[in-house]
Amino acid sequence: TVGAVACDANGNLAAATSTGGMTNKNFNRIGDTPVIGSGTYANNQTCAISCTGHGELFLRAVAAYDVSCLMEYKGMNLQQAMEIVTLDKLVKINGEGGMIGVDGNANTAMIFNSEGMYRAMQHSRGEKQIAIYK
Amino acid sequence: MGDFSIAIHGGAGTILKKDLTPELEAAYTKGLADAVASGYEVLSKGGNAIDAVTAAVISLEDCILFNAGKGSVFTKTGGHEMDAAIMNGISLEAGAVAGVSSVKNPVLLAKTIMEKSEHVMLSGDGALQFAKQQQLQLEAEDYFFSQFRYDQWQLVKNENSAALDHNIQLEKKFG
């Protein structure tokens, strides 16, 4: 599953996700990717999130929107909210995978509970990262 | 002009270091670098976040290494069914597509659904019909084929379960 989140120079946020799904899937199975709030979510007031991993668990956790809710209702920052959802809530239901996020100040986070996540980021301040493993 | 940024992912899971040769790691790194550069270029020219995430995801869909668009995994029946979604943080507008075949870039279909339909989510044959109506680029089944994904499917196709693409070990049957 691939995805991207961005904050533009005006502070506007967007998220997009795309996938071929699971190998050997049957019965027109779909995962979290096309379900707004589970795999993809963007709200200028909080964050933009794109998820990757075992879609059924991200669906049950409503993972992307949950990050936004933690920021909106509990006042958490992006990193804190993503860590709670990815490293605590998803782990407790065996939801393997991760997510990327950005907030309105162009802060980014890339959090995962699996062995690796193909990921990259670039910031206008000059920071740039490409990585696979922890 | 304020700060701007982009982040991308190309999948997560049990990515075994021993299976990732230096050549393959270099190819994945290049695929990630190309995608983040595509999105960053949009932002650095003053473009908006929606166009940036679209450009980055198209780049990843067009790279055969990643499980989206070209190089998507195989279904139980040996085909490809793709899903995509996009959301605009300004307006909370969203577009999504599920279980679509033949569309070269499903993220573009999701964006078109967001911008040109009255719906949020379309699926299957109806989504393909809408893509044709909107003149999005279609591809034959062999465009989406990759030997690597085919070999993965061969290992699990007689099982009754589906598998995350990164969790299938070529030397060890999943499930």
Side-chain angles (χ1 to χ4, degrees), chain A residues 1-26 28-31 33-36 39-44 48 50 52-54 96-98 100 102 105-106 108 110 112 114-125 130 132-133, chain B residues 1-15 28-29 32-33 36 39-40 43 46 48-50 52-54 56-57 60-61 66-68 72-76 80-90 94 96-99 106-107 121 152-153 156-157 162-165 168:
Chain A
T1 302
V2 309
V5 294
C7 173
D8 63 32
N10 294 312
N12 294 319
L13 307 181
T17 316
S18 180
T19 188
M22 295 179 85
T23 301
N24 210 40
K25 66 180 181 176
N26 205 1
N28 301 121
R29 175 264 185 193
I30 65 162
T33 297
V35 179
I36 299 297
T40 309
Y41 189 74
N43 183 338
N44 271 17
S50 175
T52 176
H54 195 167
E96 184 188 19
I100 56 172
V102 65
N105 293 317
T108 62
M110 303 185 285
F112 54 100
S114 49
E115 184 173 317
M117 180 169 80
Y118 297 102
R119 62 197 187 278
M121 59 77 61
Q122 189 166 0
H123 195 288
S124 56
R125 289 194 297 259
I130 300 174
I132 299 173
Y133 298 100
Chain B
M1 194 161 157
D3 280 334
F4 54 88
S5 65
I6 183 164
I8 64 163
H9 63 77
T14 308
I15 304 163
Y28 273 107
T29 299
L32 294 169
V36 81
Y40 190 82
L43 296 173
N48 65 45
I50 278 286
V53 296
T54 304
V57 171
L60 292 162
E61 287 179 338
F66 301 107
N67 178 22
S72 286
V73 299
F74 286 81
T75 66
K76 182 78 175 174
H80 299 92
E81 291 176 0
M82 299 170 288
D83 310 325
I86 192 165
M87 188 162 183
N88 189 337
I90 302 173
V97 59
V107 72
M121 188 173 183
Q152 283 186 330
W153 177 53
V156 297
K157 72 176 189 178
L164 291 177
D165 55 312
I168 301 171

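The figures that follow rest on heavy atoms only: side chains count, while hydrogens, waters and symmetry mates do not.
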**Prompt:** Which one of B:Thr29, B:Val97, B:Thr54, B:Ile86 has the most heavy-atom pairs closer than 4.5 Å to chain A?
**Reply:** B:Ile86
**Message:** Checking the side chain of A:Ser18 only, and the main-chain atoms of B:Val107 only, is there a donor and an acceptor separated by less than 3.5 Å?
**Reply:** no
**Asked** Measuring heavy-atom distances to chain A, does B:Ala33 have an atom under 4.5 Å in its side chain, in its backbone, in both, or in neither?
**Response** both
**Asked** What residue in B:Ala52, B:Ala68, B:Ala96 has the most heavy-atom pairs under 4.5 Å with chain A?
**Response** B:Ala68
**Complete:** On a heavy-atom basis, the closest approach of A:Ile30 and B:Ala98 is CG2-CB, 3.6 Å
**Prompt:** Hey, is the main chain of B:Phe4 close enough, under 3.5 Å, to the side chain of A:Ser124 for a donor-acceptor pair?
**Reply:** yes
**Request:** Among B:Ala49, B:Pro106, B:Ala56, single out the residue with the greatest number of heavy-atom pairs under 4.5 Å to chain A.
**Result:** B:Ala49
**Item:** Toward chain B, the part of A:Ile130 with a non-hydrogen atom under 4.5 Å
**Value:** side chain
**Residue B:Leu43 versus chain A: region with a heavy atom under 4.5 Å** = side chain
**Donor on one side chain, acceptor on other, B:Asp83 and A:Thr19, under 3.5 Å** = no
**Item:** B:Asn48 CG to A:Leu13 CG distance, which is reported to the nearest 0.5 Å
**Value:** 11.5 Å
**Asked** Is a side-chain donor or acceptor of B:Ser5 paired with a backbone partner of A:His123 at a separation under 3.5 angstrom?
**Response** no
**Message:** Counting C-beta onward and ignoring hydrogens, is there a side-chain heavy-atom pair between A:Thr1 and B:His9 closer than 4.5 Å?
**Reply:** yes
**Message:** Whether the side chain of A:Asn24 engages the backbone of B:Trp153 through a donor-acceptor N/O pair (distance < 3.5 Å, no angle test) should be reported.
**Reply:** no
**Asked** Which one, A:Ala15, A:Ser50, A:Gly31, A:Gly11, leads in non-hydrogen pairs under 4.5 Å with chain B?
**Response** A:Ala15
**Prompt:** Heavy-atom distance under 4.5 Å to chain B: side chain of A:Asn10, backbone, both or neither?
**Reply:** neither
**Item:** Under 4.5 Å from a heavy atom of chain B, the part of A:Val5 involved
**Value:** both
**Asked** Relative to each other, are the rings of B:Phe66 and A:Tyr118 parallel, tilted or perpendicular (30° and 60° limits)?
**Response** perpendicular
**Asked** Between B:Tyr40 and chain A, which part of the residue has a heavy atom less than 4.5 Å away: side chain, backbone, both or neither?
**Response** side chain
